Participant: 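Take a look at the following structure, please.
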Amino acid sequence: MPEGLTYFLTAVAAFAQPASLFNVAWATLLGITVGMLPGLTATLGVALLTTLTFRMEAGDAILILICMYVGAIFGGSRSAILLNIPGTPANAASALDGFPLARAGRAGQALGLATVGSFCGSIVGMVMLALVAPVLAEFALKFGSPEFFWLALFGIVISGRLTAVEDPLKGWIAGFLGLLVAMVGQEGIHAYQRFAYGNTDLAGGFGLLPALVGAFGFAEILQVMKNRDYQTVRGAGDRVLPRLRELWDNARTILRSGLIGTFMGLLPGVGEDMGAWASYAAARRASKKKAQFGKGSIEGLIASETGNNAAVPGAIIPVLTLAVPGSAPAAVLLAAMFIHGVRPGPLIMIEFPGFVYEVVAMVLAASVGVLVLGLLLTRPLLLVLQVRRERLMPVIFVLCTIGSFAIASRIFDIWVMLGFGVVGFLLREMKYPMAPLVLGIVLGDILDKNFRRAMVLSDGSVEPLFTRPISAVLAAITLSVVALAIPPVRRRILGLLSALPFIKRSEP
Amino acid sequence: MADDGGPGTARGVRADFWFGLGLVVLGLAVAVESWRMPRLTELNVHPMTAPGLVPGLLGVVIFVLGGILFLRAARAGGWRPGGGVGVDAADLATQARRFFVALAMCVGYAAGLVGAVPFWAATAAFVFLFITVFEWRRDRPPAGHLAALATAAVQAAVVSAAVTYVFETIFLVRLP
């Protein structure tokens, strides 16, 4: 840990240079702007910036991407509070209490508290990142192919389950479609070109970034242009700077939400949305003023904003240690790290020992950026919400087109963006979550390679998948998540549990 | 409850019915195609590591998940044609028109203009057309039309010039 502290302080000192501070400022501001605008998500922002910064030095590029990520998740709270339209899906819970507060003439207070809540969430998540990532990376050294196979499958199953709470079937369909997309192109063991039919572009597979830019950018443009116009914004009204007393009164909510958000971020493909909702639900359960929730509860607003921003460093933990993303924007961040020559995974503490702490420092820089810019520029930033969608969307689409083309200079990638945009739009219309789809595209290769490697090592036997200790635990969790989502099985299990004597005794 | 196409609504159930059917066909096609992939036995490759194994299994899973979705929707009457509760037909038509206009313009730009004409020209034309079409109001006086066209043209020129300059010069990105 002292070594880690040295790496961290060195990185902080490096980011205190004018050039880095400039990057932090513009990237965070851009992130806040992207997050504020309904229809533009953190995933799109990180994906577009990845394509634009891939010629930069690795440290600068990743710093910029993290600032965009943290800024966008925070920025979504602005439109959630003022327009009742979450700027990003992660801010949906913030609208529940933020908008009633704004309607009651307390918009400034709500914006200020959301800013401080986001900052505190990022800081709690950052501390957890510094503490958990090295330990998890060391533990992950015990992972072999069977464990990675189950981890990939667990990611799809848990992401599908938690991002489509009402209908897990749709979450799983999205996840398995993502895995299927990843099967197109040359596979990594025998170099066979699957589903390519002699087409050289298809043999290269679908690029993650054009697919994401399509599914999150073009699909959103179609969605926004299809719907009726959103109302433009009023002013912030009252004071913005929160009082210390307000923060002190909510310290427990902040800490609880920070920890819950980080944990939800840690789960593969679950991410910021669930970080906010789970924190909000926990705050409601613990609150003495439950009736206030949904009608303008300060606690509710702080919980959701702390939870979603804590999920950002949380989602980076599995990126760094397992090369498995905790959320959709983290999936893009993972791809960006590979592009810049960093190889996240269990060996990260051996191959790049200082990198984890550099990322911790980057999260700190982005969080401070959010706090400073969020509090200072609350009122000027509201002007962004007055930009008309008819004027904004064509510009975004131009960026989507350049972004898709930029990395590989292939016109085919523009077609991929268009195709995934239309498919993403249709899936959203039918209420399919996007996060499992993205996770599927990222994890497809990991699942495929590790399953077949495990088969090579065991001479075709599936036994090690169920008998190796870690593998068996992951298998049991994965299968339990599936079983518990099937209503008759769940009823049966709950019935059996309630028949247990110690459970009976615990009943009132 | 308005029929937004979400779970449980008539439109949602009908969408599930057809999409489930599509997934069944897709899953089956993927499984068959995967089965037809070479097993590479001549290279002493173990059958459990053949290239078609994992895609084949995924095809089966998608077949099963699609089948469940299809049967669930069929049981809820998803095969029946007809409108959903609370659907405003005029509203739906407006939404569909806006969607197809946006789709046509975006595809026309990205798949038609880009690469065929200089990037700056394609971008300026697209931005101008997009703003003009979506901001067009029939009830506006001629002077209003002129002002709208002028501001759209200015924005198109600024966006085209700025994007071309920033990406080529600052980000060193090759434009299509």
Side-chain angles (χ1 to χ4, degrees), chain A residues 51-53 55-56 166-167 169-170 172-173 176-177 179-180 183 187 189-190 192 194-195 218 221-222 225-228 388-391 393-395 397-402 404-406 409 411 414-415 417-418 421-422 425-426 429-431 444 447-448 451-453 455-456 459-462, chain B residues 5-7 12 15-16 19 23 26 30 33-34 37-38 40 43 45-55 58-59 61-62 65-66 68-69 72 91 95-96 98-99 101-103 105-107 109-111 114-115 123 126-127 130-131 134-135 152 155 159 163 167 171-176:
Chain A
T51 62
L52 304 179
T53 54
R55 285 185 193 273
M56 285 185 168
E166 284 179 20
D167 194 357
L169 181 63
K170 291 194 171 181
W172 292 336
I173 287 173
F176 280 96
L177 283 176
L179 288 175
L180 194 60
M183 294 298 115
E187 48 93 19
I189 293 185
H190 305 300
Y192 178 75
R194 292 164 172 160
F195 306 112
F218 185 32
I221 290 169
L222 293 174
M225 293 316 297
K226 187 200 86 166
N227 290 329
R228 277 195 296 264
R388 293 169 63 168
R389 60 181 179 162
E390 289 82 2
R391 304 229 155 209
M393 291 302 144
V395 181
F397 187 71
V398 169
L399 298 181
C400 288
T401 307
I402 301 173
S404 309
F405 179 81
S409 297
I411 288 288
I414 295 180
W415 284 95
M417 180 270 290
L418 291 173
V422 174
F425 170 81
L426 294 174
E429 285 286 293
M430 292 188 287
K431 315 293 175 198
L447 181 133
D448 176 39
F451 178 73
R452 293 193 293 147
R453 269 189 206 138
M455 291 301 105
V456 171
D459 200 24
S461 166
V462 292
Chain B
D16 285 353
F19 190 59
L23 287 175
L26 175 72
V30 168
E33 279 296 286
S34 304
M37 283 181 197
L40 308 176
L43 300 173
V45 166
H46 195 286
M48 291 294 272
T49 71
L53 181 70
V54 174
L58 291 177
V61 172
I62 286 172
L65 295 176
I68 296 170
L69 186 71
R72 194 178 72 178
D91 196 31
Q95 287 189 4
R98 293 181 63 89
F99 165 74
V101 169
L103 179 69
M105 279 198 282
C106 291
V107 172
Y109 166 69
V114 168
T123 300
F126 167 69
V127 174
F130 196 99
I131 296 172
F134 277 104
E135 285 194 347
Q155 183 176 335
V159 169
V163 163
F167 289 95
F171 287 117
L172 305 175
V173 167
R174 206 184 129 215
L175 294 174

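No experiment lies behind these values; they were computed from the predicted model shown. Side-chain atoms are counted along with the backbone in the values below, which use heavy atoms only and exclude waters and symmetry mates. Protein chains get the first letters and strands the later ones, always in sequence-line order, with residue 1 at the start of each.
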Participant: Please look at A:Leu418 and chain B and tell me whether the side chain, the backbone, both or neither of the residue comes under 4.5 angstrom of a heavy atom of that chain.
Facilitator: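 Contact with chain B is through the side chain of A:Leu418 alone.
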Participant: Looking only at heavy atoms and a cut-off of under 4.5 Å, which of A:Leu222, A:Leu399, A:Thr53, A:Ile221 has the most pairs with chain B?
Facilitator: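 Ranked by contacts with chain B, first place is A:Leu222.
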Participant: Are the side chains of A:Arg194 and A:Asp448 in touch, meaning some heavy atoms are under 4.5 Å apart?
Facilitator: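 A:Arg194 vs A:Asp448: side chains touch.
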Participant: For A:Phe195, is it the side chain, the backbone, both, or neither that has a heavy atom closer than 4.5 Å to a heavy atom of chain B?
Facilitator: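 The answer is both parts of A:Phe195.
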Participant: Working to the nearest 0.5 Å, report the span between CE of B:Met37 and CD of A:Glu187.
Facilitator: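 One finds 9.0 Å between CE of B:Met37 and CD of A:Glu187.
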Participant: Can you say whether B:Leu65 sits under 4.5 Å from chain A via the side chain, the backbone, both, or neither, judging by heavy atoms?
Facilitator: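 Both parts, heavy atoms under 4.5 Å.
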Participant: Where on B:Val45 is there a heavy atom nearer than 4.5 Å to chain A: the side chain, the backbone, both, or neither?
Facilitator: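 When you check distances to chain A, only side chain atoms of B:Val45 fall under 4.5 Å.
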Participant: Would you mind checking which part of A:Trp172 comes under 4.5 Å of any heavy atom in chain B, side chain (CB onward), backbone (N, CA, C, O), both or neither?
Facilitator: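 Both parts, backbone and side chain.
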Participant: For each of A:Ile189, A:Ile173, A:Thr51, tally heavy-atom pairs with chain B at distances under 4.5 Å, and name the one with the top tally.
Facilitator: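 Greatest number of close heavy-atom pairs with chain B: A:Ile173.
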Participant: Is it the side chain or the backbone of B:Val159 that comes within 4.5 Å of chain A heavy atoms, both, or neither?
Facilitator: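 When you check distances to chain A, only side chain atoms of B:Val159 fall under 4.5 Å.
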Participant: Non-hydrogen atoms of chain A under 4.5 Å away: do they reach the side chain of B:Leu26, the backbone, both or neither?
Facilitator: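 Contact with chain A involves the side chain of B:Leu26 alone.
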Participant: Kindly compute the distance separating CZ (B:Phe167) from CG (B:Leu175), expressed to the nearest 0.5 Å.
Facilitator: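 Rounded to the nearest 0.5 Å, the CZ-CG separation comes to 8.0 Å.
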Participant: So do B:Leu23 and B:Leu69 actually touch side chain to side chain, heavy atoms under 4.5 Å?
Facilitator: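 The answer is yes, as the side chains (C-beta and beyond) meet within the 4.5 Å cut-off.
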Participant: Who among B:Thr123, B:Val61, B:Val127 has the most heavy-atom pairs with chain A under 4.5 Å?
Facilitator: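 Highest number of pairs under 4.5 Å: B:Val61.
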Participant: Between B:Glu135 and A:Arg388, is there a side-chain heavy-atom distance shorter than 4.5 Å?
Facilitator: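 With C-beta onward as the side chain, the pair touches.
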Participant: Please report the interatomic distance CG(B:Asp16) to CD1(B:Ile68), rounded to the nearest 0.5 Å.
Facilitator: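 Interatomic distance, B:Asp16 CG to B:Ile68 CD1, rounded to 0.5 Å: 12.5 Å.
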Participant: With a 4.5 angstrom heavy-atom cut-off, which part of A:Phe451 approaches chain B: side chain, backbone, both or neither?
Facilitator: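 Only the side chain of A:Phe451 comes within 4.5 Å of chain B.
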Participant: Less than 4.5 Å apart, any side-chain heavy atom of B:Phe134 and any of A:Met393?
Facilitator: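 A side-chain contact is absent here, since even the closest heavy-atom pair is not under 4.5 Å.
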Participant: Taking B:Gln155 for its side chain and A:Arg391 for its backbone only, find out whether a donor-acceptor pair lies under 3.5 Å.
Facilitator: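 Answer holds: yes.
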Participant: Just give me the residue among B:Val107, B:Val30, B:Val163 that pairs up with chain A most often, heavy atom to heavy atom, under 4.5 Å.
Facilitator: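 Looking at each of B:Val107, B:Val30, B:Val163 in turn, B:Val30 comes out on top.
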Participant: For A:Leu426, is it the side chain, the backbone, both, or neither that has a heavy atom closer than 4.5 Å to a heavy atom of chain B?
Facilitator: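 Interface part for A:Leu426: neither.
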Participant: Between B:Ile131 and chain A, with a heavy-atom cut-off of 4.5 Å, which part of the residue counts as in contact: side chain, backbone, both or neither?
Facilitator: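 For B:Ile131, the contact with chain A is made by backbone and side chain together.
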Participant: Could you tell me if the ring centre of B:Phe126 sits under 6.0 Å from that of A:Phe397?
Facilitator: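 Yes; A:Phe397 has its ring centre under 6.0 Å from that of B:Phe126.
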Participant: Heavy-atom pairs under 4.5 Å with chain B: which of A:Arg55, A:His190, A:Arg453, A:Met56 has the most?
Facilitator: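 Between A:Arg55, A:His190, A:Arg453, A:Met56, the count favours A:His190.
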Participant: Tell me, out of B:Ala96, B:Ala110, B:Cys106, who's got the most heavy-atom pairs with chain A below 4.5 Å.
Facilitator: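 Option with the greatest count: B:Cys106.
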